[in-house]
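The structure appears right after this line, and notes come after that.
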Amino acid sequence: MSESNLKSMSDLVSLCKRRGFIFQSSEIYGGLGSCWDYAPYGIQLKNNVKESWWKAMTFREDVVGIDASIFMHPMVWKASGHVDGFSDPMVDCKSCKERYREDQIDTSKPCAKCGATDFTEPRDFNLMFNTQMGAVTDSSSTVYLRPETAQGIFVNFLNVQQTMRKKLPFGIAQIGKAFRNEITPGNFIFRTREFEQMEMQFFVKPGTQLDAMEKWKEVRWQWHIDNGLRAEKLRWEPHGPDSLAHYADAATDIEYEFPMGWGEMEGIHSRTDFDLKRHEEFSKKNLKYLDTEDGNKKYLPYVLETSVGCDRAVLALLCDAYRLENEGDKENERVVMKFHPKIAPIKVAVLPLVKKEKLDTPARKLFETIQKNYQAEYDVAGSIGKRYRRQDEIGTPLCVTFDFDTLDDNAVTVRDRDTMTQERVAIDQLDKYLRDKLGF
Ligand code: ATP
């Protein structure tokens, strides 16, 4: 059996559309640039990723979760530096008006769209979306759609610390939408203007941030591996002095090798006390931590941040799972999404061999029992071969086939997605069999 990986993003985009993972937003109106809708299997997959992250990050003593509002007081974004500094340098091709990020092209070379070599001078373009809150529209009613979830954590630092009676070091985790008016969105869900982040700010005693960083680097790398990503497709990309953000004293990214090349999936940043200091300054509130274990000293904690794009994690899992087997062999060619069972949108499909009431009624009963424990699907339409192929493309690890023999021997055939081997399993043993095979 020959197998190959995903070669181009367009193969994935069409599978996602065909099989109900991701649709273009507002498709019937011609779509809206770089906006995507998660379809039924896509949202199931995404929810599994979020659940996996939430468990890994908050099922521990030293991290708690919050869910902050998307709209925040406009001063938050002044303090964080986003109003004045969250911009990318932009250039336009004077001939065809195509817009580029200056740091992503060589302006001495021709425009990729029209071939001209006449670009405008670079201008700063602020990436924050803004809108008006309330009925009166003047500058005082301007609010921003948050460009990162982190600030919702910083401004709640003391509230959380005090109500949860937390001592340093401890972290606050959050999953939520963020918005950036990206100049050059693209590569499917890799870079969009509306996306979801899964962020955790870990507050530590100054001087211990780099130790914390080492610990969290390990946790975060392992999370991607535990979700099923292949280690050879992941790498660290440390930020050198040139690419380090002004507020950070160390930073590194986890990159994944997407079909278009290596791309950032997660950032692990040692952000010092920059954000808390700025919020103290702008809010005029004392945000210092009282260290009762160290002579009642008062200080601003340092912050170690882990920030992963949920959509980029989903994209990496989709790319990584994709396999084309037996290419060109008409009978045996198949696309199979080899998701880890924990991440797969559907864990078990129940398929009566043919559409006959004699099989349909007891098979559906069996399905209803399985569905109590697993995301399962019942499918009776079409030939059994076609139904298997469909489940392969959705990435369902196990298919349970109910045939005429089942009526006599009370056993079903369980087909494994990856090996395509089939085993006969007694129905009264099925629950244990599924648990063992799926691993939970
Ligand atoms: P990039 O260099 O790709 O623009 P960034 O360094 O600005 O990303 P961060 O601000 O560190 O990204 O955001 C943390 C994470 O959020 C990124 O690692 C990425 O997974 C995700 N992310 C950032 N911007 C986008 C976007 N426009 N679309 C989808 N995910 C994004």
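Remember, it's a predicted structure, so these values are computed and weren't measured experimentally. Whatever order the structure lists them in is the order used to number ligands and atoms, beginning at 1. Computation of the quantities below employed the complete heavy-atom set of this structure, encompassing side-chain atoms and omitting hydrogens, waters and symmetry-equivalent molecules.
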- Ring centre gap for F170 and F202 strictly below 6.0 Å: no

- Message: Only heavy atoms of E264, strictly under 4.0 Å: list the atoms of ligand 1 that pass.
- Response: 2 (O), 6 (O), 8 (O), 11 (O), 12 (O), 17 (C), 18 (O)

- Query: What atoms in ligand 1 come closer than 4.0 Å to a heavy atom of R180?
  - Reply: 5 (P), 7 (O), 9 (P), 10 (O), 12 (O), 13 (O), 23 (C), 24 (N)

- For Q209 and D249, test the side chains for any donor-to-acceptor distance below 3.5 angstrom and give the result as yes or no. yes

- Message: Going by ring pair (Phe, Tyr, Trp, His ring centres under 6.0 Å), F188 matches just one of W36, F23, F21. Which one?
- Response: W36

- Note on the structure: of all protein heavy atoms, closest to atom 22 (N) of ligand 1 is F195 CE1, 3.5 Å

- Note on the structure: At under 4.0 Å between heavy atoms, what of R191 touches ligand 1? The answer is both

- Closest to atom 21 (C) of ligand 1 among protein heavy atoms sits G309 CA, 3.6 Å

- Per-residue contact class, M265 against ligand 1 - non-hydrogen pairs under 4.0 Å: backbone

- Message: Assess, by modelled atom type and distance only, whether the side chains of Q391 and E377 contain a donor and an acceptor separated by less than 3.5 Å.
- Response: yes

- Query: Are D392 and R415 close enough for a salt bridge, meaning some N to O gap below 4.0 Å?
  - Reply: yes

- Item | Donor on one side chain, acceptor on other, S52 and N227, under 3.5 Å | yes

- Identity and distance of the protein heavy atom lying nearest atom 19 (C) of ligand 1: R312 NH1, 3.4 Å

- Go through ligand 1 atom by atom and flag the ones less than 4.0 Å from a non-hydrogen atom of H269. 11 (O)

- Centroid separation Y144 to H82 less than 6.0 Å: no

- Message: Ring centroids only, cut at 6.0 angstrom: are F157 and F203 within range, meaning strictly under it?
- Response: yes

- Item | Contacting atoms of ligand 1, where contact means under 4.0 angstrom from a heavy atom of F190 | 28 (N), 29 (C), 30 (N)

- Message: For atom 14 (C) of ligand 1, what's the nearest protein heavy-atom neighbour? Residue, atom name and distance, please.
- Response: S307 OG, 3.0 Å

- Item | ligand 1 N/O within reach of I189 N/O, cut-off under 3.5 Å | no

- Looking only at heavy atoms of T192, does any of them come nearer than 4.0 Å to an atom of ligand 1? yes

- Query: What are the atoms of ligand 1, with element, lying closer than 4.0 Å to any heavy atom of E182?
  - Reply: 24 (N), 26 (C), 27 (N)

- Item | Contact partition for Q197 relative to ligand 1, non-hydrogen atoms under 4.0 Å | side chain

- Indicate yes or no for a side-chain donor-acceptor contact from D124 to the backbone of N126 under 3.5 Å, with no hydrogens or angles considered. no

